[in-house]
Protein chains: 2
Amino acid sequence: MNVSADQKLGAADIAALIRREISKGSLQLHDRLPPERVLSDSYGAARGTVRKALTRLEKEGFVETRPGSGTYVVHQPDDNSASAIEHATPLELMDARFALEPHICRLSVLHGRQSDFDRMEELCNRMEDCLDDPVAFSDADTDFHRALVECTRNGLLIWIIDQIATVRSEDDWTRMRHLTLDRRTIATYNTQHRQILNAIRTREPERAANIMKEHLETARLSLTRASDT
Amino acid sequence: MNVSADQKLGAADIAALIRREISKGSLQLHDRLPPERVLSDSYGAARGTVRKALTRLEKEGFVETRPGSGTYVVHQPDDNSASAIEHATPLELMDARFALEPHICRLSVLHGRQSDFDRMEELCNRMEDCLDDPVAFSDADTDFHRALVECTRNGLLIWIIDQIATVRSEDDWTRMRHLTLDRRTIATYNTQHRQILNAIRTREPERAANIMKEHLETARLSLTRASDT
DNA sequence: ATCAAATGGTCTATAATTGGTCTAGAAAAG
DNA sequence: CTTTTCTAGACCAATTATAGACCATTTGAT
């Protein structure tokens with residue numbers, strides 16, 4: 001949705017981008033933003049547009065702009081213990097997924113409904129159309145694992161997986177993960193996703209869990225291979 | 001309504017997809033949706049269809065559309081970090097622990113150090129002095145499981161377990177849990193804790209994981225027994 | 001202290017974008 | 001068949017964006 005490469009950015013879009021930079025911490029308290037003329041250039045928008053975005057952010061209390069000087073960040077993002085999660089390494093994340101997802105498969109067998117399976121089926125189809133589009137595949141993959149945990153009807157588990165997805169969406173990671181996604185790897189993942197879905201459909205908890213373990217092992221290998229290069 | 005594959009999307013489907021984007025967080029408050037013409041293109045539907053979906057979402061209060069400007073997100077999805085965790089039921093929590101803790105045992109075998117084991121040993125001793133003090137036992141028990149996950153040296157897992165511990169510390173739960181803790185039950189738990197610690201010490205990952213499963217099964221039984229009374 | 005550069009503030013005429021509305025026909029559902 | 005829904009286009013009105021200019025203040029170097 002937001003992927004749209006050369007989509008023209010409006011004031012609202014630019015405001016949203018900067019707002020996120022601030023909440024994420026890439027722009028910290030008292031930092032000065034680039035000059036309006038530079039921003040307008042780098043966002044590919046006219047200065048007036050950037051200016052409108054900044055005016056909005058000022059009203060919202062994110063920034064303060066001083067004439068002749070610049071625009072400064074004035075906002076302490078609520079520290080939601082995010083720090084603990086932000087520093088997670090890819091390997092830590094893999095271990096957490098190893099703990100959670102196989103058992104989530106078992107629970108999905110117990111509590112999953114037809115509509116859940118249909119949605120997962122649709123996501124499998126979508127992923128199979130993405131052999132050459134790592135970015136789109138990655139999004140669909142995240143959705144698939146989210147749909148899987150939704151089968152469990154366990155709000156706590158869903159929340160945990162969402163938190164993990166947040167970590168995975170960090171920019172650096174996303175870029176690195178896309179590097180590991182060649183055509184071959186995506187094809188392997190697709191096969192495994194199908195197998196997992198089928199095992200859940202036929203109500204075979206242990207088989208589903210085992211394929212998930214395989215799936216995660218594959219992912220871990222891709223990861224270590226990528227960090228070697 | 002057939003959901004499968006790349007079928008044509010109806011207004012209801014598109015509304016559902018966008019609704020999902022919003023609750024998932026990919027579309028946040030104040031974000032502007034892509035123009036109707038772009039949406040219609042990317043969903044492969046006519047503009048009128050997209051428009052119908054948006055009208056629906058507006059009635060539902062997810063979105064607000066301003067003529068000449070765009071369609072904007074007006075909905076703060078319930079901040080899960082509070083609500084999802086606060087509303088977790090004891091059984092949901094048990095399932096989450098079933099997913100996490102056995103694998104945490106395996107990881108503890110890999111990464112645990114002598115000092116970790118000493119600390120857990122000490123906690124075992126403390127718990128064994130608590131046969132008649134459910135409150136003190138409960139505290140030590142929480143510490144034990146926290147010490148266990150610390151063995152993994154995995155900040156993400158530690159954070160997750162801490163979150164779960166927060167849930168467990170809710171007043172109602174604590175009271176209920178204390179009811180299940182008679183002398184016999186505590187003794188059983190103590191035995192299991194010892195066994196888990198020993199299995200980790202002797203570097204037997206699967207044995208440790210299995211005893212943890214037993215342990216959790218025992219806890220689950222106590223729980224269901226308690227809710228029957 | 002002075003000057004030059006950089007930066008935000010303001011304005012304007014024009015062009016582009018966007019939602020709102022309508023229509024006629026095709027497709028799907030009952 | 002009838003009814004509903006979707007499609008594909010067109011046009012309108014409101015809003016927004018563009019590109020450039022000029023000003024006032026701040027900043028930093030000389």
Side-chain angles (χ1 to χ4, degrees), chain A residues 1-19 21-22 27 29-75 118 122, chain B residues 1-19 21-22 27 29-75:
Chain A
M1 168 128 344
N2 25 21
V3 188
S4 38
D6 304 306
Q7 185 82 5
K8 284 241 169 155
L9 297 173
D13 303 312
I14 295 177
L17 287 176
I18 298 180
R19 206 183 292 117
E21 294 276 321
I22 294 178
L27 284 174
L29 195 63
H30 297 139
D31 278 0
R32 193 182 75 173
L33 276 69
E36 294 175 353
R37 289 164 175 92
V38 173
L39 285 178
S40 77
D41 197 55
S42 64
Y43 285 123
R47 194 181 151 211
T49 310
V50 169
R51 170 156 265 278
K52 215 160 192 173
L54 291 179
T55 304
R56 194 149 164 179
L57 287 177
E58 184 165 27
K59 277 181 196 154
E60 294 176 14
F62 283 90
V63 302
E64 168 189 301
T65 146
R66 295 206 288 273
S69 172
T71 306
Y72 299 83
V73 176
V74 179
H75 186 254
D118 288 344
E122 183 204 319
Chain B
M1 181 68 62
N2 191 358
V3 195
S4 63
D6 297 317
Q7 291 302 327
K8 294 237 166 139
L9 297 172
D13 303 312
I14 295 178
L17 287 176
I18 297 179
R19 207 182 293 115
E21 295 279 327
I22 294 177
L27 285 174
L29 193 63
H30 295 142
D31 279 0
R32 189 179 64 173
L33 275 64
E36 293 176 353
R37 288 163 175 93
V38 172
L39 284 177
S40 75
D41 196 55
S42 64
Y43 286 124
R47 195 182 150 208
T49 311
V50 168
R51 170 157 265 278
K52 212 160 194 174
L54 291 179
T55 305
R56 190 155 164 177
L57 287 177
E58 185 164 27
K59 277 181 197 154
E60 294 176 14
F62 283 90
V63 113
E64 170 190 300
T65 145
R66 294 206 289 275
S69 173
T71 306
Y72 297 83
V73 175
V74 178
H75 186 253

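First the proteins, then the strands, lettered A, B, ... as listed; each starts at 1.
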>> Would you compute the distance between atom CG of Leu17(A) and atom CG of Leu39(A) and round it to the nearest 0.5 angstrom?
In response: 11.0 Å
> What nucleotide, of dG9(C), dG19(C), dT18(D), holds the atom closest to the side chain of Arg37(A)?
Replying inline: dG9(C)
>> Let's see if you can work this out: which of dG20(C), dT7(D), dG8(C) has an atom nearest to the side-chain heavy atoms of Arg51(A)?
In response: dG8(C)
> Between Thr65(A) and Pro67(A), what is the shortest heavy-atom contact and its length?
Replying inline: O-CD, 3.7 Å
> Which whole-number value in Å describes the distance from Glu64(A) CD to dT7(C) P?
Replying inline: 18 Å
> How close or far is atom C1' of dT16(D) from atom CG of Leu54(A), stated in whole angstroms?
Replying inline: 16 Å
> Which comes earlier along DNA chain D counting from the 5' end, the contact point of Thr49(A) or that of Ala11(B), where each point is its nearest nucleotide?
Replying inline: Ala11(B)
> What is the distance from CZ of Arg66(A) to C1' of dT26(D), rounded to the nearest Å?
Replying inline: 10 Å
>> Could you tell me how far apart Arg32(B) (CZ) and dT15(D) (P) are, to the nearest whole angstrom?
In response: 15 Å
>> What is the distance, to the nearest angstrom, from the CD atom on Glu36(A) to the C1' atom on dA24(D)?
In response: 14 Å
> Separation of Ile14(A) atom CD1 from dT18(D) atom P, in whole Å?
Replying inline: 8 Å
> Taking only residues at least two apart or on different chains, which pairs with a member in residues 58-70 of chain B satisfy salt bridge (Lys or Arg N to Asp or Glu O under 4.0 Å)?
Replying inline: Arg19(B)-Glu60(B), Arg56(B)-Glu60(B), Glu64(B)-Arg66(B)
> Between dA17(D) and Ser40(A), is there an OP1 or OP2 to side-chain N/O distance shorter than 4.0 Å?
Replying inline: no
> Which comes earlier along DNA chain D counting from the 5' end, the contact point of Gly68(B) or that of Ser69(A), where each point is its nearest nucleotide?
Replying inline: Gly68(B)
> Nearest to the side chain of Pro67(A) - dT7(D), dG9(C), dT7(C)?
Replying inline: dG9(C)
>> For Phe62(B), run the side-chain contact (heavy atoms from CB on, under 4.5 Å) check against Leu54(B), Leu57(B), Val73(B) and tell me which one passes.
In response: Leu57(B)
> From the list dT16(D), dG19(C), dT7(C), which nucleotide is the closest neighbour of the side chain of Lys52(A)?
Replying inline: dT16(D)
>> Rounding to an integer number of Å, can you tell me how far Tyr72(B) OH sits from dT16(D) P?
In response: 6 Å
>> To check you understand the geometry: which heavy-atom pair defines the closest contact between Arg32(B) and Ala12(A), and what is its length?
In response: CB-CB, 4.2 Å
> When the distance from OH of Tyr43(B) to P of dT5(D) is rounded to whole Å, what number comes out?
Replying inline: 21 Å
> NA contact type, Arg47(B), heavy-atom cut-off 4.0 Å: base, sugar-phosphate, or nothing?
Replying inline: base
